[in-house]
Amino acid sequence: MTEKSFELSPGYTISRVIRGGWQLAGGHGAIDRQQAVTDLIATFDAGIRTYDCADIYTGVEELIGAARLRLASERGLDTAAKMKVHTKLVPDLERLANISRDYVRGIVDQSLRRLKTERLDLVQFHWWDYAVPGYVDAMGWLNDLRLEGKVRNVGATNFDTPHLAEILAAGVPLVSQQLQYSVLDQRPANSLATLASQNGVSLLCYGSVAGGFLSERWLDVAEPQTPPLENRSLVKYKLIIDDFGGWDLFQELLGALKAVADRHGVDIATIASAWVLEQPQVAAVIVGARNQAHALANAGIMDVALDAEDRARIAAVIAQSSGPLGDVYTLERDRHGRHGSIMHYNLNAGRN
């Protein structure tokens with residue numbers, strides 16, 4: 001069994017599996033709010049006590065705030081305080097050129113209202129376009145809000161190594177970087193993990209199941225064509241599979257993961273996420289959930305302890321891969337334009 005908690009900063013501990021909030025955003029169809037709040041509390045009871053959301057995920061901060069209020073009313077403030085919530089601050093693309101201190105403060109104040117709290121546990125900052133200056137200043141203003149007590153911890157989202165280093169050099173005390181990491185995509189290990197280790201920055205990882213590709217559903221299945229794929233997330237991860245080495249090598253990887261999963265009595269997705277949890281500097285994986293049963297199953301990730309045989313079986317396939325190459329999120333910016341259209345879709349599920 002792996003450790004089920006991680007001290008992200010002194011006195012601040014999170015669960016090693018984080019409940020993702022993107023699937024609860026308004027852009028994914030009608031949400032039964034009462035059931036969603038019940039599901040969030042069931043996730044808490046299963047041991048996943050940390051939640052990820054963003055100011056631009058329509059309605060999600062409000063749902064998590066409602067879950068926290070229900071916990072407080074039914075079980076007391078001490079129990080509610082055990083729910084940790086990580087949100088993101090994602091400036092509007094058109095505001096980058098003239099971003100201001102007041103603009104950053106306004107988004108933080110909005111998240112405080114929505115999440116029904118006096119201090120945000122972690123705010124993770126995203127910047128669409130490196131060609132537009134201002135991200136270091138914005139991170140500094142966010143850190144000022146930490147010093148004021150409105151924010152407990154500050155982190156980053158999808159910054160590559162040079163730009164993350166620039167923020168750290170400016171004296172911003174980042175505790176985390178949220179990024180994509182999986183058995184298919186190990187770009188964080190190329191250089192960013194080293195920088196993170198040198199500066200006490202932990203990695204919070206999304207994409208550990210590649211949008212669902214790393215599952216039994218795709219084992220022994222013919223390669224899909226991009227247009228019929230059911231959503232843009234799958235299109236994005238299919239490109240990662242192509243960079244990894246193509247569909248045949250992907251099938252070999254699924255076979256290896258399945259063999260390991262069978263040894264542990266779990267599924268492929270659980271093993272894929274457990275593998276990420278073992279990587280250097282990784283504090284937690286962020287996993288979404290379609291329903292309460294899926295969320296409860298995700299808690300099992302923390303119960304898996306891979307052994308040398310498991311690791312060797314997976315490593316033998318990874319050794320044959322050709323990529324993805326380069327730094328964190330560089331391919332996506334190059335492939336989809338400087339602003340990263342798929343990333344824009346993933347993050348910008350809609351502002352209220």
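Computed over heavy atoms, backbone and side chain alike; hydrogens, waters and symmetry mates excluded.
- Across all non-hydrogen atoms, the minimal contact from L184 to P324 is O-CD, 3.0 Å.
- Residues that satisfy the side chain to side chain donor-acceptor pair (under 3.5 Å) test with R217, not counting sequence neighbours, are E230.
- A donor and an acceptor atom, one from each side chain of Q320 and E252, are located under 3.5 Å apart.
- Here CD1 of I48 is found 12.0 Å from CD1 of I14. Values are rounded to the nearest 0.5 Å.
- Put simply, the side chain of D109 never gets that close to the backbone of S111: no donor and acceptor are under 3.5 Å apart.
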R311 vs E278, salt bridge (charged side-chain N to carboxylate O under 4.0 Å, His left out): CA-CA, chis, key distance, verdict: CA-CA 10 Å; R311 297 185 193 101; E278 287 198 343; 2.7 Å; yes
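- In this structure the side chain of N199 never reaches within 4.5 angstrom of the side chain of L174, judged on heavy atoms.
- Side chains of S176 and S202: a donor-acceptor N/O pair is absent below 3.5 angstrom, by distance only.
- Judged by a 6.0 Å distance limit and a 45° cone about the ring axis, K84 is positioned over the six-membered ring of Y12.
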Please walk me through it: do L168 and L195 pass side chain to side chain contact (heavy atoms under 4.5 Å, CB included)? CA-CA 10 Å; L168 289 166; L195 175 71; 4.2 Å; yes
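- Between T13 and F6 the shortest side-chain heavy-atom distance does not fall below 4.5 Å.
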Salt bridge (charged side-chain N to carboxylate O under 4.0 Å, His left out) for D243 and K238? Distances and angles first, verdict last. CA-CA 9 Å; D243 289 332; K238 176 57 170 61; over 6 Å; no
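- D137 is listed as a side-chain neighbour of W141, based on a closest heavy-atom distance under 4.5 Å.
- Under the 6.0 Å cut-off for aromatic ring centres, Y51 and H86 do not qualify, their centroids lying 6.0 Å or more apart.
- Salt bridge annotation for K88-E61: absent, with no cationic side-chain nitrogen under 4.0 angstrom from a carboxylate oxygen.
- With hydrogens and angles disregarded, a donor-acceptor distance shorter than 3.5 Å links the side chain of R49 to the backbone of F44.
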Quick one, R105 with D144, criterion salt bridge (charged side-chain N to carboxylate O under 4.0 Å, His left out). Give me CA distance, side-chain angles, the key distance, then yes/no. CA-CA 10 Å; R105 179 181 293 274; D144 289 342; over 6 Å; no
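- Residue P224 comes nearest to W247 through the heavy atom pair CD-CH2, 3.4 Å, listed as atom of the first residue, atom of the second, then distance.
- Not a single donor-acceptor pair under 3.5 Å links the side chain of D92 to the backbone N or O of E94.
- To the nearest 0.5 angstrom, L192 atom CG is 15.0 Å from Y329 atom OH.
- When all heavy atoms of N298 and G288 are compared, the closest pair comes out as ND2-O, 3.1 Å.
- Heavy-atom contacts from other residues, nucleotides or ligands closer than 6.0 Å to CD of Q34 number 12 or fewer.
- D262 places no side-chain N or O within 3.5 Å of a backbone atom of A259 that could act as its donor or acceptor partner.
- Here the side chains of V209 and S273 are in contact, with some heavy-atom distance below 4.5 Å.
- Looking at E309 and R263, their side chains come closer than 4.5 Å, going by heavy atoms from C-beta outward.
- Residue L147 places its CG atom among more than 12 non-hydrogen atoms of other residues, nucleotides or ligands, all under 6.0 Å distant.
- In the model, N143 has a side-chain atom that pairs as donor or acceptor with a side-chain atom of R146 under 3.5 Å.
- Of the charged side-chain nitrogens involved, at least one lies within less than 4.0 Å of a carboxylate oxygen, so that R75 and D45 count as a salt-bridged pair.
- Side-chain contact of T38 with R70: a donor-acceptor pair under 3.5 Å is present, judged by distance alone.
- Here the shortest heavy-atom pairing between P91 and L96 reads CB-CD2, 3.8 Å.
- Side chains of Y206 and N158: a donor-acceptor N/O pair is present below 3.5 angstrom, by distance only.
- Side-chain atoms of Y237 and Q180, non-hydrogen and from C-beta on, do get closer than 4.5 Å to each other.
- Without hydrogens or angle criteria, E216 side chain to I268 main chain gives a donor-acceptor distance under 3.5 Å.
- When only modelled atom types and interatomic distance are considered, Q177 and T157 share no side-chain donor-acceptor pair under 3.5 Å.
- Looking at residues two or more places apart in sequence or on another chain, you find a side-chain contact (heavy atoms from CB on, under 4.5 Å) between V221 and W218.
- Formation of a donor-acceptor pair under 3.5 Å by the S321 side chain with backbone atoms of V317 is not found in this model.
- In this structure, R114 and D55 approach most closely via the heavy-atom pair NH1-O, 2.9 Å.
- Between W128 and H126, the ring-plane angle classifies as perpendicular under the 30° and 60° cut-offs.
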Pair D267, K258 - check salt bridge (charged side-chain N to carboxylate O under 4.0 Å, His left out), show working. CA-CA 7 Å; D267 59 14; K258 174 64 172 171; over 6 Å; no
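- By the 4.5 Å heavy-atom criterion applied to side chains, H264 and L306 are counted as neighbours.
- With values rounded to the nearest 0.5 angstrom, R16 atom CZ is found 9.5 Å from M302 atom CE.
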Stepwise, does the side chain to side chain contact (heavy atoms under 4.5 Å, CB included) test hold for C205 with I286? CA-CA 6 Å; C205 306; I286 303 165; over 6 Å; no
Does T117 form a side chain to side chain contact (heavy atoms under 4.5 Å, CB included) with R68? I'd like the steps, not just the answer. CA-CA 9 Å; T117 186; R68 179 181 267 156; 3.4 Å; yes
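- Using bins of under 30°, 30° to 60° and over 60° for the plane-to-plane angle, the ring pair F213/F250 lands in the perpendicular bin.
- One hydrophobic cluster, built from ILVMFWY side chains closer than 4.5 Å, cannot hold both L63 and L69; they sit in different ones.
- L204 approaches A283 most closely through the heavy-atom pair CD2-CB, 3.9 Å.
- Looking only at side-chain heavy atoms (C-beta outward), R19 and V287 stay at 4.5 Å or farther from each other.
- A donor-acceptor pair is defined here as one N or O able to donate and one able to accept, closer than 3.5 Å; such a pair exists between the side chain of D327 and the backbone of T161.
- For the atom pair CD1 of I41 and OG1 of T79, the computed distance is 11.0 Å after rounding to the nearest 0.5 Å.
- Enclosure of atom CG in D248 is not indicated, since only 12 or fewer non-hydrogen atoms of other residues, nucleotides or ligands lie within 6.0 angstrom.
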Kindly indicate, with the supporting measurements, whether the criterion side chain to side chain contact (heavy atoms under 4.5 Å, CB included) is fulfilled by E118 and L112. CA-CA 6 Å; E118 295 180 353; L112 287 167; 5.7 Å; no
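- Rounded to the nearest 0.5 Å, atoms CD1 (I64) and OG1 (T87) are 7.5 Å apart.
- Residue D78 places its CG atom among 12 or fewer non-hydrogen atoms of other residues, nucleotides or ligands, all under 6.0 Å distant.
- Between the OG atom of S15 and the NZ atom of K82 there is a distance of 13.5 Å, given to the nearest 0.5 Å.
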